[in-house]
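Have a look at the structure below before the remarks.
We number each residue from 1, following the sequence as shown.
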Amino acid sequence: MINDLVSDALTRIRNAGMRRLDTTTLVHSKSIEAMANILVEKGYIESCNVVEDGVKKTINVVLKYSDNGKSVINEMKRISKPGRRVYKGKEEIKRFKNGYGTIIVSTSHGILPNDKAYALGVGGEVMCTIW
């Protein structure tokens, strides 16, 4: 039984990157799927697709590496945890790592990267940071 699906997904991607694996499998949920799509859009992973095996769904993630074989993702960090939720306003999520990183925010408009949330003028729960 997994209590925190977001932390589990981040850990699986982080561990697969350290082991230089081509793909990894995540437990499916709508929030994990939205987060994976943001990672594809921002260029942190190659692709992701949902695999249905009867009732059970999983997400296959293809990892991305640089020319020298190093993972594109330097750090993935869970910010808002089940024991301590962290919320930020639109001004506080403007930039991360001087524009090189991404903050994934759960807003009233769905799960968005920090630049889109700022453009829409909404804040929300900070799920994780990636750079």
Side-chain angles (χ1 to χ4, degrees):
M1 188 171 117
I2 302 168
N3 290 328
D4 188 8
L5 293 176
V6 175
S7 290
D8 180 65
L10 294 176
T11 301
R12 287 180 188 215
I13 293 171
R14 193 180 312 115
N15 289 345
M18 283 192 286
R19 292 192 58 213
R20 308 282 194 265
L21 298 178
D22 293 331
T23 62
T24 187
T25 304
L26 309 177
V27 178
H28 182 271
S29 76
K30 289 181 182 179
S31 60
I32 301 301
E33 186 177 352
M35 193 173 70
N37 288 330
I38 290 171
L39 292 177
V40 170
E41 176 187 319
K42 293 292 183 178
Y44 292 111
I45 58 177
E46 284 288 331
S47 64
C48 67
N49 58 351
V50 178
V51 177
E52 293 187 40
D53 185 25
V55 177
K56 187 178 177 184
K57 287 184 181 180
T58 57
I59 302 172
N60 281 344
V61 173
V62 179
L63 299 173
K64 189 174 186 179
Y65 297 97
S66 63
D67 293 335
N68 60 358
K70 190 171 182 271
S71 178
V72 172
I73 299 170
N74 292 318
E75 180 183 75
M76 297 180 82
K77 197 171 189 181
R78 178 81 157 120
I79 302 299
S80 185
K81 301 173 184 175
R84 181 175 181 261
R85 300 293 182 186
V86 177
Y87 299 93
K88 302 274 183 177
K90 70 169 184 158
E91 289 297 323
E92 295 174 296
I93 59 168
K94 189 173 185 178
R95 295 183 84 180
F96 177 67
K97 293 282 185 185
N98 209 15
Y100 289 108
T102 303
I103 302 172
I104 297 180
V105 185
S106 178
T107 68
S108 57
H109 294 275
I111 296 175
L112 302 171
N114 60 334
D115 53 351
K116 286 187 182 175
Y118 182 76
L120 290 172
V122 294
E125 182 182 351
V126 179
M127 294 176 70
C128 62
T129 58
I130 299 131
W131 70 278

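With rounding to the nearest 0.5 Å, the separation of CD1 in Ile32 from OG1 in Thr58 is 13.0 Å. Going from atom NZ of Lys57 over to atom CD of Glu52 covers 4.5 Å, rounded to the nearest 0.5 Å.
Judged as a salt bridge (charged side-chain N to carboxylate O under 4.0 Å, His left out), and not counting sequence neighbours, the contacts of Glu41 are Lys116. Listed by chain and residue number, Ser66, Lys70 satisfy the side chain to side chain contact (heavy atoms under 4.5 Å, CB included) test with Asn68 (two or more places apart in sequence, or in another chain). When the side chain to side chain donor-acceptor pair (under 3.5 Å) test is applied to Asp8, the partners found at least two apart in sequence or on another chain are Arg12.
Under the 4.5 Å side-chain contact rule for hydrophobic residues, Leu63 and Val6 share a cluster. Linking Ile, Leu, Val, Met, Phe, Trp and Tyr whenever their side-chain heavy atoms come within less than 4.5 Å leaves Tyr87 and Ile104 in two separate clusters. Hydrophobic clustering, with ILVMFWY side chains joined whenever heavy atoms are under 4.5 angstrom apart, keeps Met127 apart from Val122. No continuous path of hydrophobic side-chain contacts links Tyr118 to Leu120 [ILVMFWY only; heavy atoms under 4.5 Å].
Closest approach of Gly43 to Val72, counting heavy atoms only: O-CG1, 3.8 Å.
Side-chain N or O atoms of Tyr65 include one that pairs as donor or acceptor with a backbone N or O of Leu21 at under 3.5 Å.
Contacts classified as salt bridge (Lys or Arg N to Asp or Glu O under 4.0 Å) and involving residues 71-91 (residues at least two apart or in different chains) are given here: Asp4-Arg78, Arg85-Glu125. Listed by first then second residue, pairs satisfying side-chain hydrogen bond (donor to acceptor under 3.5 Å, both in side chains) with a partner in residues 17-31 read Thr25-Asn60, His28-Glu33, Ser29-Ser31, not counting sequence neighbours. Screening residues 94-115 for salt bridge (Lys or Arg N to Asp or Glu O under 4.0 Å) gives Lys42-Asp115 as the qualifying pairs, with residues at least two apart or on separate chains. A side-chain hydrogen bond (donor to acceptor under 3.5 Å, both in side chains) check over residues 99-112, counting only residues at least two apart or in different chains, returns the pairs Tyr44-Thr102.
Through side-chain heavy atoms spaced under 4.5 Å, either directly or across other Ile, Leu, Val, Met, Phe, Trp or Tyr residues, Val51 is tied to no other residue. In the hydrophobic clustering, Val62 connects to no other residue, as no ILVMFWY side-chain heavy atoms lie under 4.5 Å from its own. When hydrophobic side chains of Ile, Leu, Val, Met, Phe, Trp and Tyr are connected at separations under 4.5 Å, Val126 ends up clustered with Ile79, Val86, Ile93, Phe96, Ile103, Val105, Trp131. Listed by chain and number, the hydrophobic cluster partners of Val55 come to none, as no ILVMFWY side chain reaches under 4.5 Å of it.
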query = Yes or no on side chain to side chain contact (heavy atoms under 4.5 Å, CB included) for Asn15 and Met18, after CA distance, side-chain angles and deciding distance?
reply = CA-CA 5 Å; Asn15 289 345; Met18 283 192 286; 3.3 Å; yes
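Leu26 places a side-chain heavy atom less than 4.5 Å from the side chain of Val61.
Across Leu39, Ile13, Ile45, a single residue satisfies side chain to side chain contact (heavy atoms under 4.5 Å, CB included) together with Ile130, and that is Leu39.
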